[in-house]
Amino acid sequence: MRLFPQSPSKTQNPSRLINLFIISSSVFTLFLLVSFFLVFTSSKLEHISSLSQDEYSSPSTSLEHIVFGIASNQKSWSAKRKEYVRLWWKNQSMRGCVFLDSLPPDHHRHANDTSLPPVCISGDTARFRYTYRGGLKSAIRVARVVSEIVALNHTNVRWYVFGDDDTVFFPENLVKTLSKYDHGLWYYIGTTSEVYEQNRVFGFGMAYGGAGFAISAPLAKVLAKVFDSCLERYPHLYGSDSRISSCLAELGVGLTREPGFHQNDIHGDMFGLLASHPVTPLVSLHHIDHVNPIFPNMTTLNALQHLFKAANVDSQRMLQKTVCYDRWFSWTIMVSWGYAVQAYGNHILLPDALPVQETFSQWKKGSVLTGAYLFNTREHHKDPCRRPVVFFLDNVSSGAGRIKSTYKKSYENCSYDMASPRRLEEVKVYSHKLDFDMKQLQAPRRQCCDVLPSSGNKVMEIEIRECKEEELIHMHP
Ligand SMILES: *[C@@H]1O[C@H](CO)[C@@H](O)[C@H](O)[C@H]1NC(C)=O
Ligand SMILES: *[C@@H]1O[C@H](CO)[C@@H](O)[C@H](O)[C@H]1NC(C)=O
Ligand SMILES: *[C@@H]1O[C@H](CO)[C@@H](O)[C@H](O)[C@H]1NC(C)=O
Ligand SMILES: *[C@@H]1O[C@H](CO)[C@@H](O)[C@H](O)[C@H]1NC(C)=O
Ligand SMILES: *[C@@H]1O[C@H](CO)[C@@H](O)[C@H](O)[C@H]1NC(C)=O
Ligand SMILES: *[C@@H]1O[C@H](CO)[C@@H](O)[C@H](O)[C@H]1NC(C)=O
């Protein structure tokens, strides 16, 4: 608490506020007011207090309040993983370290490279036992990033955020997501695996490390104090994240799940997962070396750089899915903003358009359970000509308050007639920059879109907008 001068007013609890009210005045009307407050808002007290903090007593959470602890090792950092971190690291406004086992041989040449986080060398872990057969003892070194980062005594920290060297964060969306929570309380925020079997084995209550996760500063400080003594009870566990979640469990703290973090325990083509993102800001992507490049005909790194062109223009809209219907041709069009547009030459009801297409292959081979996910999937047709036409992000530009993103048709060799969306070469999507306020973050609503009257046969234009109060997303007769 010492380090957070704004905390006392932030964590002031509502019942104390009410006491103050009663003591400071015996006027009957005030008493009535208080009763009114209690009767009508008792279930919302926490909500009100968290809103008033942000609005009145302290500036809202920003990147400056976050300290990152990134787990890597000398070999993979030097080889290529640092390029993934360079994608999202902002030298001006971020603090933290990448934790390595030893200094890279060429470190002196990169010491001034401010487009990467500084290097911290992990402490010695020889004294800890590791008994998981076939596992990697480095799990202990990586787990201790949570205590070693706290020991650096950064000031004015609200959240510690952890990730691997192949975790790609979307920093603005991370900030938005964390700003929903009171950093003065104890929070452990992240996500599980997408795969049922992974969670059955490693736990549904664990934040998977590669997806990235956040621990509020007061919790991280307490965890850091007790961590080494707790670690000794878990030599038999596999990963660093299992150790961290076990020690948080010993402190009595469970996981708060945020679906914008992505562990991505899949192989192959990630398309389906990216194209059906939940209505929440995209916080992270992981395992990018285990999947195909996310855009065709690009390297993994180029493809991510391409994705960031969109993220740099409208971070909060990244992958947000809007579905619109062309009633003239009876087409169903799905925009996964900043990534891809899909056009179906038929009518698909909205609930059938939302599940994830199973374009990817299983993380692990095995029983039925290893192919069971925590979300509904829909079939990805074996014949590419019976799949929707896909348009991938080509370019994004903004001006005059409007953002234009263009999507080019992916190569295919299918025959079609003029009533088919396959005749289109390009889709242009117009939108406005999203900036969610607290209410929209807490109660998100999918946006609507319209197919605009088009000038030619080869281009479709779409406008994304807020839905009207009673608007339903469906094909109009
Ligand atoms: C790094 O920066 C320091 C201080 O600005 C400078 O003295 C040093 O020569 C630089 N090293 C390299 C390799 O550029
Ligand atoms: C941050 O990095 C950019 C290029 O990546 C560089 O132009 C800028 O000077 C750096 N800023 C600081 C404070 O190091
Ligand atoms: C952080 O603070 C502790 C306690 O005051 C001190 O022992 C330690 O040396 C400090 N660490 C750094 C890196 O300044
Ligand atoms: C892939 O990219 C190269 C160079 O940019 C281009 O010549 C080629 O046509 C592309 N291939 C496909 C299938 O788009
Ligand atoms: C992409 O958009 C930018 C910004 O408007 C523009 O400068 C650039 O020429 C565009 N690139 C292509 C290939 O259209
Ligand atoms: C496209 O498909 C036709 C018919 O299936 C085939 O004959 C032709 O070789 C294909 N062209 C390419 C470039 O794959």
Side-chain angles (χ1 to χ4, degrees), residues 1-5 7 64-71 87 94-100 103 111 117-125 141 144-162 215-229 293-299 301-315 317-318 335 337-341 390-411 424-434 455-456 458-464:
M1 282 305 199
R2 267 176 303 126
L3 294 177
F4 315 105
S7 283
E64 281 84 356
H65 296 112
I66 297 178
V67 170
F68 289 88
I70 302 153
L87 285 166
M94 288 183 177
R95 294 181 292 169
C97 258
V98 52
F99 284 81
L100 304 182
L103 271 186
V119 168
C120 288
I121 301 301
S122 296
D124 182 36
T125 55
R141 180 180 73 80
R144 288 182 83 251
V145 167
V146 298
S147 52
E148 293 183 5
I149 194 86
V150 172
L152 296 174
N153 301 338
H154 285 102
T155 55
N156 197 22
V157 186
R158 294 186 180 182
W159 298 95
Y160 289 92
V161 170
F162 303 94
I215 300 181
S216 58
L219 175 57
K221 292 183 83 181
V222 172
L223 179 67
K225 276 191 201 154
V226 300
F227 199 59
D228 282 351
S229 73
I294 57 173
F295 290 105
N297 208 17
M298 288 190 197
T299 65
L301 184 61
N302 291 154
L304 287 167
Q305 286 165 339
H306 191 56
L307 191 71
F308 267 84
K309 284 182 200 161
N312 292 337
V313 173
D314 191 354
S315 184
R317 198 183 285 283
M318 283 308 292
V335 180
W337 195 89
Y339 178 56
V341 175
V390 178
F391 306 82
F392 284 102
L393 177 73
D394 182 47
N395 206 4
V396 191
S397 59
S398 69
R402 194 149 96 141
I403 294 168
K404 178 172 123 180
S405 50
T406 55
Y407 305 80
K408 283 249 160 78
K409 182 159 74 175
S410 166
Y411 173 80
L424 299 169
E425 292 297 330
E426 189 182 6
V427 180
K428 293 182 181 162
V429 175
Y430 301 98
S431 57
H432 293 276
K433 191 167 161 57
L434 277 185
S455 42
K458 296 201 178 299
V459 179
M460 176 165 53
E461 293 187 282
I462 288 173
E463 173 103 40
I464 301 181

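In listed order, ligands and their atoms are each counted from 1.
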Exercise. NZ/Lys428 to CD1/Ile462 distance, rounded to the nearest 0.5 angstrom?
Worked result: 12.5 Å

Problem set entry | Between CG on residue Leu301 and CG on residue Leu87, distance to nearest 0.5 Å | 5.5 Å

Exercise. What is the minimum heavy-atom distance between Val157 and Trp159, and which atoms define it?
Worked result: CG1-O, 3.5 Å

For this session: Please examine the side chains of Arg95 and Phe68, heavy atoms only from C-beta on, and report whether any two atoms are closer than 4.5 Å.
Result: no

Exercise. Do His306 side-chain atoms and Leu393 backbone N/O form a donor-acceptor pair below 3.5 Å?
Worked result: yes

Problem set entry | Atoms in ligand 3 with a heavy atom of Ala151 nearer than 4.0 Å | 1 (C), 11 (N), 12 (C), 13 (C)

Exercise. In this structure, are over 12 heavy atoms from other groups packed under 6.0 Å from Lys225 atom NZ?
Worked result: no

Problem set entry | Partner residues of Glu148 under the salt bridge (Lys or Arg N to Asp or Glu O under 4.0 Å) criterion, sequence neighbours left out | Arg144

Exercise. Hey, does Leu152 come in under 3.5 Å of ligand 3, counting only N/O atoms on both sides?
Worked result: no

Check ligand 5 for close polar pairs with the protein: N or O on both sides, less than 3.5 Å.
from: ligand 5; atom 1: 2 (O); to: Asn395; atom 2: OD1; distance (Å): 3.2
from: ligand 5; atom 1: 2 (O); to: Asn395; atom 2: ND2; distance (Å): 2.5
from: ligand 5; atom 1: 11 (N); to: Asn395; atom 2: ND2; distance (Å): 2.6
from: ligand 5; atom 1: 14 (O); to: Asn395; atom 2: ND2; distance (Å): 3.1

